[in-house]
Number of protein chains: 2
Amino acid sequence: MPLVSKFHSSDKSSDKSSDQSSQQPTGNHFLNHLPVTIQQRLFEHMELVELPLGTVLYDAGEVMRYVYFPTNCIVSLLYVTENGSQAEIAVVGNDGFVGMSLLMGGESTISRGIVQSAGYAYRILGLRMKAEFNRHGELMDLTLRYAQALITQMAQTAVCNRHHSIEQQLCRWLLLSLDRLNDNHLVMTQELIANMLGVRREGVTEAAGRLHTKQVIDYSRGHIVVTDRPKLESICCECYSVVKAETDRLLPYCPHKT
Amino acid sequence: MPLVSKFHSSDKSSDKSSDQSSQQPTGNHFLNHLPVTIQQRLFEHMELVELPLGTVLYDAGEVMRYVYFPTNCIVSLLYVTENGSQAEIAVVGNDGFVGMSLLMGGESTISRGIVQSAGYAYRILGLRMKAEFNRHGELMDLTLRYAQALITQMAQTAVCNRHHSIEQQLCRWLLLSLDRLNDNHLVMTQELIANMLGVRREGVTEAAGRLHTKQVIDYSRGHIVVTDRPKLESICCECYSVVKAETDRLLPYCPHKT
DNA sequence: ATTAGACTGTACGGTATCGCACATAGCGCC
DNA sequence: GGCGCTATGTGCGATACCGTACAGTCTAAT
């Protein structure tokens with residue numbers, strides 16, 4: 001499938017902003033939900049860090065040191081099996097944070113947190129975060145609701161893995177990712193997507209080719225642009241909208257602003 | 001595959017105890033983990049209820065009224081898709097409780113809680129449970145760890161759905177269920193198992209037939225007996241042992257007794 | 001301008017699972 | 001003892017996905 005619009009030639013400006021990892025990280029919705037006083041307490045101990053593609057924030061069984069609040073990056077919670085095959089369990093972006101198990105008492109998880117789209121995140125020492133959590137205030141309430149949103153995403157992933165085609169799953173994955181970037185442009189190779197979905201790279205190539213034929217996406221060498229989002233949503237299985245609806249319900253839009 | 005040992009003819013005693021739903025419900029491990037004072041507070045408001053096969057404890061999007069602590073029954077957290085196909089997200093038995101979203105602040109979930117193996121459970125009004133939870137004591141700590149155990153189970157389900165054969169998934173399902181019954185005998189038709197796994201009934205028939213040929217299980221008309229559990233574990237994918245190890249880690253064996 | 005490397009496209013046989021149809025067998029009930 | 005229902009067994013073509021191999025194609029670096 002030949003490609004109509006190229007990225008590195010025709011679209012220099014938007015390209016630059018992505019390749020240089022968006023100098024101006026916007027806020028994190030989870031943090032924005034918190035009362036200003038709590039935000040201030042947390043921000044006293046937070047630092048903004050740059051997260052290149054492939055950074056492993058924590059690995060299976062490992063005790064995490066930091067909690068990360070992505071601003072313009074995407075982190076996959078990935079599971080790696082004994083024989084090396086993978087599957088994405090959930091995806092975290094500017095809607096939440098990475099390091100839930102630190103607050104749940106388990107300290108570690110069976111999954112791995114890995115940066116799938118480079119960008120920035122605020123991070124805070126797990127101990128600091130836990131201290132605020134243990135005040136049993138609004139941070140705890142919000143965290144629990146976000147935990148349930150994550151659970152929803154995992155459940156839906158399980159169902160989607162069972163019942164839906166690669167093409168549908170690709171749609172779901174694209175939509176979930178775009179929502180967490182507030183953009184219609186994704187820097188991501190088919191190979192990486194295949195790892196996330198736990199399928200062959202060729203399967204993704206085929207599915208992406210079909211979506212291109214249907215005039216829904218353009219893509220080229222690690223860049224994907226959604227050109228017709230409504231159509232993408234219509235092709236997608238219910239899994240995306242279920243997760244989105246539930247996430248919106250549990251974490252309604254931004255009461256506070258940074 | 002003809003069957004050697006029949007159940008309704010040769011094994012009247014163990015059969016009777018199952019068909020009549022085991023008059024003596026043993027304890028619930030989650031409750032046993034709690035300090036006696038908290039147990040007492042909870043038990044003041046609890047009642048023991050009989051749960052026949054197929055009872056729906058809560059449905060998707062529904063606000064739950066009660067929290068259930070199974071003693072000798074099994075409850076599946078099941079997801080039903082738009083077109084009616086199903087998939088089990090996690091299974092709850094005497095290791096935990098049903099109604100997590102009540103405590104997480106979401107009130108409802110996208111899944112359905114349905115009794116897969118008849119028996120008894122203690123139940124308590126959600127409001128009472130939440131009141132104790134809101135005291136931020138050991139019930140909260142334990143609940144959060146149990147939530148993480150549930151998350152682990154869901155994550156593993158997602159991976160298993162993606163990468164493993166029906167036979168392996170059947171093994172996982174059998175082992176998880178048996179652990180929650182403390183028995184090697186299961187009252188369960190292949191049709192129901194197929195619903196849980198989200199596969200065809202015929203697929204389960206085939207897989208079960210192979211397990212019988214391998215001398216691992218006996219079964220007949222809704223009764224399954226595991227005759228060689230070590231072998232069953234060896235055939236199973238890693239998914240069972242990962243979940244078991246993580247559950248044991250998060251909820252170590254019974255410090256308190258009822 | 002050339003080359004190396006990364007990304008994407010295509011092909012093909014193999015396999016697991018599906019959807020459907022129907023046959024057989026055990027058990028309760030009259 | 002016979003009937004009907006439920007549970008299980010089996011067969012067969014269709015399909016989605018896999019594993020592997022290899023061929024293009026774009027980009028960046030020299």
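Proteins come first, then strands; the chains are lettered A, B, ... in the order of their sequence lines, and each starts at number 1.
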Would you mind reading off the distance between A:Q169 atom CD and D:dA16 atom P, rounded to a whole angstrom? 14 Å

Whichever of B:R201 and B:E206 has its nearest DNA chain C nucleotide further upstream toward 5': B:E206

Under 30°, 30 to 60°, or over 60°: which ring-plane class applies to B:H212 and B:Y219, parallel, tilted or perpendicular? perpendicular

Would you say A:Q116 and A:R180 are linked by a side-chain donor-acceptor pair, where the criterion is simply a distance under 3.5 Å? no

Take the protein atom CG of A:D218 and the nucleotide atom C1' of C:dC7, then report the distance between them rounded to whole Å. 16 Å

Looking across every strand, which nucleic acid part, if any, lies under 4.0 Å from B:E202 by heavy atom: base, sugar-phosphate, or nothing? base

Does a sphere of radius 6.0 Å around CZ in A:R65 hold more than 12 heavy atoms from other residues, nucleotides or ligands, not counting ones at 6.0 Å or beyond? no

Counting neighbours of CD on B:Q215 that are heavy atoms of other residues, nucleotides or ligands and sit closer than 6.0 Å, is the number greater than 12? no

Can you measure B:Q168 atom CD to C:dT15 atom P for me and round it to whole angstrom units? 17 Å

Tell me whether the OP1 or OP2 atom of D:dT6 has a side-chain N or O from B:Q190 closer than 4.0 Å. no

Over how many whole Å does the gap from A:N195 atom CG to D:dC18 atom P extend? 12 Å

In whole Å, I'd like the distance from the NE2 atom of B:H212 to the C1' atom of D:dG9. 13 Å

Would you sort out whether A:S111 and A:Y58 count as a side chain to side chain donor-acceptor pair (under 3.5 Å), showing the intermediate values? CA-CA 8 Å; A:S111 65; A:Y58 68 91; 3.0 Å; yes

Any side-chain N or O of A:Y219 below 4.0 angstrom from OP1/OP2 of D:dC26? no

Within less than 4.0 Å of OP1 or OP2 of C:dT17, is there a side-chain N or O belonging to B:R200? no

Do B:R221 and C:dC27 share a donor-acceptor pair, side chain to base, under 3.5 Å? no

Whole angstrom is fine here: how far is it from NE2 in A:H163 over to P in D:dC17? 14 Å

Take atom CG of A:N83 and atom P of D:dG19, then tell me their distance rounded to the nearest Å. 9 Å

Using a heavy-atom cut-off of 4.0 Å across all strands, would you classify B:G203 as base, sugar-phosphate, or nothing? nothing

Closest to the A:T205 side chain: C:dG9, D:dC17, D:dT8? C:dG9

Nucleotide C:dT17, atom C1' - distance to CZ of B:R162 in whole Å: 14 Å

